[in-house]
2 protein chains.
Amino acid sequence: MAVSATDRSTRERILDVAFELFVELGFAGTTVTEIEKQAGLTGGSGGFYRHFRSKQELLRPAIEREVARYMTSIEEANAAQQAVEGLPTPREVWLERMLGYLRLFDPLMRLMLADGHRVPEVREAVTGVLQSLGEQMSWQEEPELTVCVIALGGYHLLSEVQGQPFQGVPQDEFIRMLASMTSDVR
Amino acid sequence: MAVSATDRSTRERILDVAFELFVELGFAGTTVTEIEKQAGLTGGSGGFYRHFRSKQELLRPAIEREVARYMTSIEEANAAQQAVEGLPTPREVWLERMLGYLRLFDPLMRLMLADGHRVPEVREAVTGVLQSLGEQMSWQEEPELTVCVIALGGYHLLSEVQGQPFQGVPQDEFIRMLASMTSDVR
DNA sequence: GTCTATACCAAGATAGAC
DNA sequence: GTCTATCTTGGTATAGAC
């Protein structure tokens with residue numbers, strides 16, 4: 001978690017640890033002192049302020065950096081997907097992969113649900129990422145796939161709310177059931 | 001939002017406004033001063049502390065009170081349901097009703113996702129409520145219904161993340177599609 | 001049971017040495 | 001670019017009058 005002071009640039013390190021802390025503790029619950037400590041600076045020293053004017057000003061770049069990462073992940077995943085194109089993907093495998101993608105977003109989704117309304121501008125950025133993810137499916141052309149992704153998102157988030165698999169339903173059973181309810185998943 | 005000082009007991013008013021504020025601003029982001037103001041007391045006066053020993057001690061009762069409310073809502077809804085039992089409910093109507101139930105939980109789900117891990121004891125209470133809601137369906141007996149509820153939860157929460165209907169999918173179209181994918185919804 | 005006043009401390013932020 | 005030291009604000013919590 002905490003990093004050494006020589007990793008990358010301090011600014012980068014601050015952005016990284018700040019995002020993690022915002023997700024973990026919320027924006028209000030995260031102190032600049034803790035950010036400094038985790039970034040390898042001395043906690044309580046104002047070292048942070050050589051890199052950002054205020055804690056508030058940090059929120060946006062931290063989120064945008066994370067969004068950019070997801071963009072890259074998705075592009076790589078899409079590229080990998082294209083490489084094996086032509087081979088039919090079994091439904092269960094496709095669903096499992098999409099669930100994996102969605103879980104990548106978990107920190108971002110939590111932060112949006114908790115603090116999103118206080119930084120309305122970043123919502124657009126998040127929407128952008130989600131739409132990139134959604135490029136693989138369009139509601140008009142493939143409504144069943146979209147329903148599946150929504151169901152996977154529900155399974156993940158509701159399980160997070162309960163702190164255990166939702167209603168105790170095991171993941172593989174859920175995916176099997178979901179697959180059996182679709183007719184034309186590629 | 002803010003209430004007059006003569007509504008109900010002060011303790012009750014504090015619990016109500018505190019829950020709202022916790023959902024809105026998070027636990028860390030909510031100040032005792034703001035709770036006092038919204039509850040009709042003078043902000044900054046320690047009036048709050050005649051009713052609770054600390055802000056921390058307030059979190060649990062506030063959530064439990066909200067949970068108790070949902071319990072009542074669900075029981076009433078179940079009772080109403082029984083009154084019209086025998087008449088077959090069209091799938092779309094049932095799905096829409098379940099989505100309405102889920103939306104009742106929205107504040108609780110947000111709070112759990114944001115602050116739940118800091119108050120592990122209350123997770124059990126929340127799980128209890130969700131299981132009451134889930135009594136209408138069991139994964140073993142009616143997996144398709146469970147998948148539908150999960151999908152509805154996903155539609156709601158993902159829309160909250162995006163700040164608009166998920167991927168722009170209109171609610172009624174989503175519900176129609178979901179209904180068409182189920183075979184044996186009662 | 002609510003107020004005024006206040007003690008206390010944690011957190012945001014700045015100045016200036018190194 | 002990071003440190004020590006410090007200023008200032010605002011938030012938790014208490015004491016005591018009414």
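Proteins come first, then strands; the chains are lettered A, B, ... in the order of their sequence lines, and each starts at number 1.
Atom CD1 in B/I14 sits about 8 Å away from atom P in C/dT2, given to the nearest Å. Remark: P of C/dT4 and CG of B/L41 are 11 Å apart, rounded to the nearest angstrom. Straight-line distance from the CD atom of B/E36 to the C1' atom of C/dG1: 13 Å, rounded to whole Å. Across the protein-nucleic acid pair, A/F52 atom CZ and D/dT2 atom P stand 12 Å apart, rounded to whole Å. Following rounding to the nearest Å, A/K37 (NZ) and D/dT2 (C1') show an atom-to-atom distance of 17 Å. If you measure from atom CD1 of A/I35 to atom P of C/dA11, you get 12 Å, rounded to the nearest angstrom. For A/F27 and C/dG12, the CZ to C1' distance is 11 Å, given to the nearest whole Å.
Residue-level contact check: B/T42 touches the backbone only, with heavy atoms under 4.0 Å from sugar-phosphate atoms and none from bases.
One finds a salt bridge joining B/E66 and B/R69 here, because a Lys/Arg side-chain nitrogen approaches an Asp/Glu carboxylate oxygen to under 4.0 Å.
Taking 4.5 Å as the limit, every side-chain heavy atom of A/M109 sits out of range of all side-chain heavy atoms of A/E160. With a 4.5 Å cut-off on side-chain heavy atoms, B/F105 and A/V161 do not count as touching. Residues A/Y101 and A/L152 fail the side-chain proximity criterion, which asks for heavy atoms closer than 4.5 Å. Considering only heavy atoms from C-beta on, B/Q171 comes within 4.5 Å of B/L99 through its side chain. Between A/D172 and A/E92, the closest side-chain pair of non-hydrogen atoms is not below 4.5 Å. A 4.5 Å side-chain heavy-atom check between B/F52 and B/L15 finds at least one atom pair inside the cut-off.
For B/M112 against B/I63, the heavy-atom pair with the smallest separation is CE-CD1, 4.0 Å.
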(message) Each nucleotide in nucleotides 6-12 of chain D should get exactly one letter: B, S or -. Can you fill that in based on protein heavy atoms under 4.0 Å?
(response) -----SS

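Out of C/dT4, D/dT2, C/dG1, the shortest distance to the side chain of B/H51 is found at C/dG1.
Residues satisfying the ring-ring contact (aromatic ring centres under 6.0 Å, His included) test with B/F174, not counting sequence neighbours, are B/Y155.
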I'd like a list of close polar pairs between nucleotides 15-18 of chain D and the protein, N/O only, cut-off under 3.5 Å.
{"residue": "D/dG16", "atom": "O6", "partner": "B/R50", "partner atom": "NH2", "Å": "2.9"}

